[in-house]
There are 4 protein chains.
Amino acid sequence: MQSRTPAGRAGRPRSAAADAAILGATRQALVELGWSKLTLGDVAVRAGVAKTTLYRRWAGKNELVVDAVAELFDELTLPDRGSLAADIEGVVLQFAAILARPEARSGLMAVVAEATRDDALRERIRASIVERQKRLVLAGRARAQARGELPPEADARQAARTVDLIFDMVAGAVVHRTLVSAEPADEEWVHGFTRVLLSGLAAAPAPDGTETS
Amino acid sequence: MQSRTPAGRAGRPRSAAADAAILGATRQALVELGWSKLTLGDVAVRAGVAKTTLYRRWAGKNELVVDAVAELFDELTLPDRGSLAADIEGVVLQFAAILARPEARSGLMAVVAEATRDDALRERIRASIVERQKRLVLAGRARAQARGELPPEADARQAARTVDLIFDMVAGAVVHRTLVSAEPADEEWVHGFTRVLLSGLAAAPAPDGTETS
Amino acid sequence: MQSRTPAGRAGRPRSAAADAAILGATRQALVELGWSKLTLGDVAVRAGVAKTTLYRRWAGKNELVVDAVAELFDELTLPDRGSLAADIEGVVLQFAAILARPEARSGLMAVVAEATRDDALRERIRASIVERQKRLVLAGRARAQARGELPPEADARQAARTVDLIFDMVAGAVVHRTLVSAEPADEEWVHGFTRVLLSGLAAAPAPDGTETS
Amino acid sequence: MQSRTPAGRAGRPRSAAADAAILGATRQALVELGWSKLTLGDVAVRAGVAKTTLYRRWAGKNELVVDAVAELFDELTLPDRGSLAADIEGVVLQFAAILARPEARSGLMAVVAEATRDDALRERIRASIVERQKRLVLAGRARAQARGELPPEADARQAARTVDLIFDMVAGAVVHRTLVSAEPADEEWVHGFTRVLLSGLAAAPAPDGTETS
DNA sequence: AACTAAACGAGACGGTACGTCTCGTCTTGAT
DNA sequence: ATCAAGACGAGACGTACCGTCTCGTTTAGTT
């Protein structure tokens, strides 16, 4: 975002505190107002910053909210709960907990909606949020392989495709359950979902149409 | 929507043509402008209608777009393709095709985003879109039972829960694949997804936490 | 339930009560809202009449208010107070009293303002209000002549011109005092004004530019 | 003695050119459209200014038009024409000439009409127009006293009352002649009016009820 | 210590859309 | 034919934000 006086630039450097204040104020405003009533003028006031300062750093509301929301998902972790099923349940519950927070709900879905018409924004979301969090799927698989629950994958392309499918199924189901069906993604639901997912993956190990059976 | 001069019949009745013109204009504007740049004034002009007429029938942009988008999903059908798996693949592909249309993409996600802060809107979405389309899951199950692919369910509550889970998994995965991951939900992907889903459901028939193991 | 079809007219006859109700409602609305906030829809509601009925009888707000206000000035009388000066003072005080009423203030000045751009309206005002009330000047002069305070006029054109001048000076001064200077046209002021007016008329009997000097 | 953003100096200063452009555009719109069809949006467009800029400076149509019209009367002067009577005739003719202009006619009467229900507006008119132009009466009297045509006044309160009466009579008669009677205030009429006024003032020098006769 | 130049707060600017209001007309069924 | 009721197309209202543009004021790094 900001370049720390890249090549011996003259002039006053940008305030490092401003960025944090602005992102925090954005999340706070998302909680109180939601996406559509959030205004950049209001964010600037909350952050104790002039509108000019805000526009110097972000191109608009979309970009600002992507950055503000992306930070939220960095708190996801994959604690070792002893089995692949338990690990997955754990991270799905964490994910559901984040989506239960109003700043995540409003912000994430709104920028996704905007991204349907803005390729640059979609790419920003993919890079900042989706790809960034695939680390969790990779870590989970590696741990399961270390435990012997999963065999090492032979085909890299095939493995990547499976990661994508898992990610779409996990994230998609939780988002849909939470935001569209408007039902809580509680432990019972997560348990049932995880069983179906794992059973399906175990029984259908080659989701590319080339399997024998 | 329509009130056939319910109790007091005085006064000029509302134009039935206006409703259709407005909803059509809304979809057209969604295609050309997307949610955030869609304005009700513009919709009114496209529909050849005054802004007042529009506000007399819908409370705002959100309600209008929900109704305009909900109609899109009524074109989903469940043609008999011979097997449960083929039937599911068929309807998932249809669903993906609708989500590939810009009016559905922009409109649906935007109202879902708005609904995160508006309970009335969320309920409207649930009733007009989600519950309305569960008919597909029910019809698919009934047909599979008639074929003998599935046993008749014994526990009604359990059955309803399974319907919800299937709906969240199908709709969620397709939406996520299409809108967030921004990859096409093509035949290959749908094939892989369907196999995992059906295998999982077959292998884990009681997703309610009451199983023995 | 009589059917007095005036001249063999078919159909339902116009309600005679409606006219009075509408003019009364107009004056009431002028009192409460003033000219600029008076709406014909509101007048119709107050009169218990449909907007259609109102528009069938008057072309618009201006015409309606002229008629509603014109009636107010018909209550002006010229009681015999024994002398020309006293008669004038009497009628000026009555005029000031009418102008102190809010429906007259708002309504009269507003239609005059509108009339600056509408010749038909100006003519309507002149005929319904101005010419109609010159009767007072004429009656006052006749009474003064009967008393011997004024000689009978010889030149009709000259006499008409004097009537106009008196009317402009009286009405103009009272209106300006009341509405622009916003001071009360009380007895003291009327007394001073009347003395100046009468003294001037007595000392300058030929206001037509034909005098010697 | 600088007036550079006098108290709070922060922020971009208001454009001085905008005020002049707006007032000019207002007068132009009054000429073309009249009061009732004048819209602030149209004024803004004519002035090449955003509506917000206009609303930032004036509370509404009334206030704007008062200011736009008030400037018109600043062109009144009192050239020395040799005698009190001639001086008065001169300024009355100038006044009539201004009232013959459509922007003055429409604007002045309309704001006076509005002022009948708005004390703040009436005060603004009194201060910006009435009191401001009493300078002419004062200057005329001073010049007449210097010439010996009038004695120096002894009683200040009495003198002020006379100034008010003269102003109401002059302004009132000209306005009524021009706008209500809708006859031209031409030289002949002004000559006759002035004679009556001056004769009356000369013959009745104490318009307060304390004179001897 | 003085200079320099970008970043800063404040807020005015030209725009655009909002949701409401009133206009004057039109359409209904009832009188 | 007229009425009460109320929907209709039209368009102005005054407000709220947008993103940009001056302003005069810090403030860190370079001379």
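All values reported here derive from a predicted model rather than from experimental measurement. In what follows, every chain begins at residue 1, and chains take the letters A, B, ... in the order their sequences are listed.
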Verdict with reasoning, L108(C) to L72(C), per side-chain contact (heavy atoms from CB on, under 4.5 Å) | CA-CA 10 Å; L108(C) 180 62; L72(C) 293 175; over 6 Å; no
Could you go through the side-chain contact (heavy atoms from CB on, under 4.5 Å) check for E63(D) and S128(D) one step at a time?
-> CA-CA 11 Å; E63(D) 288 74 12; S128(D) 301; over 6 Å; no
Evaluation steps, side-chain contact (heavy atoms from CB on, under 4.5 Å), between E123(C) and D119(C) = CA-CA 6 Å; E123(C) 182 50 33; D119(C) 290 342; over 6 Å; no
Report the C-alpha distance between W35(B) and T116(A) in whole Å, list the side-chain angles of each, state the deciding distance to 0.1 Å, and finish with yes or no for side-chain contact (heavy atoms from CB on, under 4.5 Å).
-> CA-CA 9 Å; W35(B) 158 270; T116(A) 59; over 6 Å; no
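At a threshold of 4.5 Å between non-hydrogen side-chain atoms, the residues D19(B) and D67(B) do not count as touching.
Counting distance only, with no hydrogens placed and no angle test, the side-chain atoms of K51(B) and the base atoms of dG9(F) include no donor-acceptor pair under 3.5 Å.
K51(A) contributes atom NZ, which lies 12.0 Å from atom OG1 of T53(A) (distance to the nearest 0.5 angstrom).
Near-neighbour residues of DNA chain E inside residues 56-63 of chain D, defined by a heavy atom below 4.0 Å, number-ordered: R56(D), R57(D). Within residues 115-123 of chain C, no residue has any heavy atom closer than 4.0 Å to DNA chain E. Of the residues in residues 19-40 of chain D, none has a non-hydrogen atom less than 4.0 angstrom from any atom of DNA chain E.
For dC26(E), the OP1/OP2 oxygens have no side-chain nitrogen or oxygen of R12(B) closer than 4.0 Å.
For the pair D42(C) and R46(C), the salt-bridge criterion is met [side-chain N within less than 4.0 Å of a carboxylate O]. Checked for salt-bridge contact, E114(B) and K61(B) miss the test: no charged N lies under 4.0 Å from a carboxylate O.
One can place CZ of R46(A) at 12 Å from P of dC17(F), the figure rounded to the nearest angstrom.
The R14(D) side chain lies nearest to dA12(E) when the options are dC23(E), dA12(E), dT20(E).
Of the two residues contacting DNA chain E, namely Y55(C) and T53(D), the nearest-nucleotide position lying further toward the 5' end is that of T53(D). Two residues, G48(C) and D42(A), neighbour DNA chain F, and the one matched to the more 5' nucleotide by heavy-atom proximity is G48(C).
Counting non-hydrogen atoms under 4.0 angstrom, T52(B) reaches a base of the nucleic acid.
Checking side-chain atoms of R124(C) against main-chain N and O of I129(C) turns up no donor-acceptor pair under 3.5 Å. Of the possible polar contacts, one joining the R117(D) side chain to the E32(C) backbone as a donor-acceptor pair under 3.5 Å is found.
Between G60(C) and L40(C) the shortest heavy-atom distance is C-CD1, 4.2 Å.
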